[in-house]
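Structure, as structure tokens:
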Amino acid sequence: MALQRGRMVEQDIAARGIADQRVLQAMREVPRHRFVDPQHAPQAYADHPSPIAGGQTISQPYIVAHMTELARPRPDDRALELGTGSGYQAAVLSTLVAHVYTVEIVPELARGATALLDALGYRNVSVREGDGWAGWPEHAPYDIILVTAAPDEVPPALLEQLAPGGRMVIPVGPVHAVQELRLIEKSAGGEVSERQVAPVRFVPMTGGDPTGP
Ligand code: SAH
């Protein structure tokens, strides 16, 4: 599997423009085949999304690498992920930062990811079952926020929980359509700027603001 993983990193990730050596190394290390459904493990190193429990999907490896690189992870960073799913993105990020907090709305997935991350020895990841729309205020602020389910607007709580100097990578857009991946940055002075990075397709963020329309 390590050979196939190395080949995937060269052909599908480095060759397509991901240049951050730490991110490439993380993609070489984390055993993606352990995070997909067992019957899909043989295809875990082809560059496409794969089914996981609960009718959800684990993103294609290139997108995981791309989002991780955009977040510019540093060893001392504290990161928040919304949409734990299999736990794969959290595992990749956990090798690059101090701690990853991750929130998953489907109880079965939150439990599965907790058990798997523990079994694989990822000690600096905390998984919580809940609605990521509200972020995880108890551990805020975060240097990095990665959102791996698409809301139709940026959840206000996430902007609040982004630290000065922080980076948020988030797909935004209507359900069942192409969304846009955005990189949102907060300056040291608290000013927010954003740019559109790429068209993407993520599962919708469910739950949401109970006080909204
Ligand atoms: N990052 C995951 C893949 C994410 S798939 C991985 O590496 O495997 C998107 C996930 O977001 C699904 O597991 C879905 O259940 C979850 N999700 C959807 N809406 C959510 C919400 N409001 N809060 C937390 N998780 C949510």
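Residue numbers count from 1 along this sequence. First listed ligand is number 1; within each ligand, the first listed atom is number 1.
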Which is it for Phe35 and His33 under the ring pair (Phe, Tyr, Trp, His ring centres under 6.0 Å) test, yes or no, and what are the steps along the way? CA-CA 5 Å; Phe35 292 86; His33 65 280; 8.9 Å; no
Given side-chain contact (heavy atoms from CB on, under 4.5 Å), test Glu29 with Thr95 step by step and report yes or no. CA-CA 9 Å; Glu29 276 170 22; Thr95 69; 4.2 Å; yes
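Given atom 7 (O) of ligand 1, the protein heavy atom at minimum distance is Gln89 N, 3.0 Å. Atom 19 (N) of ligand 1 has as its closest protein heavy atom Thr206 N, 3.0 Å. Scanning the protein for heavy atoms near atom 25 (N) of ligand 1, the closest one is Ile105 N, 3.3 Å. Of all protein heavy atoms, the one closest to atom 23 (N) of ligand 1 is Gly132 N, 2.7 Å. Taking atom 3 (C) of ligand 1 as the reference point, the nearest protein heavy-atom neighbour is Thr57 O, 3.4 Å. Shortest contact from atom 8 (O) of ligand 1 to any protein heavy atom: Ser86 OG, 2.6 Å. Of the protein's heavy atoms, Gly83 CA, 3.2 Å lies nearest to atom 11 (O) of ligand 1. Looking only at protein heavy atoms, the nearest one to atom 15 (O) of ligand 1 is Glu104 OE2, 2.6 Å.
Assignment of Pro204 to the shell around ligand 1 is supported, since a heavy atom sits closer than 4.0 Å. Under the 4.0 angstrom criterion for non-hydrogen atoms, Thr84 is in contact with ligand 1. Using a 4.0 angstrom heavy-atom cutoff, Val203 counts as in contact with ligand 1.
No more than 12 heavy-atom neighbours from other residues, nucleotides or ligands sit within 6.0 angstrom of CD on Glu191.
Linking ILVMFWY side-chain heavy atoms closer than 4.5 Å, directly or via other members, places Tyr88 and Leu82 in two distinct hydrophobic clusters. Follow the hydrophobic side-chain contacts under 4.5 Å out from Met27 and you reach Leu181 in the same cluster.
Side-chain contact, Arg78 with Tyr142: no donor N or O sits under 3.5 Å from an acceptor N or O.
By the 30° and 60° cut-offs, the orientation of the rings of His66 relative to Tyr62 is parallel.
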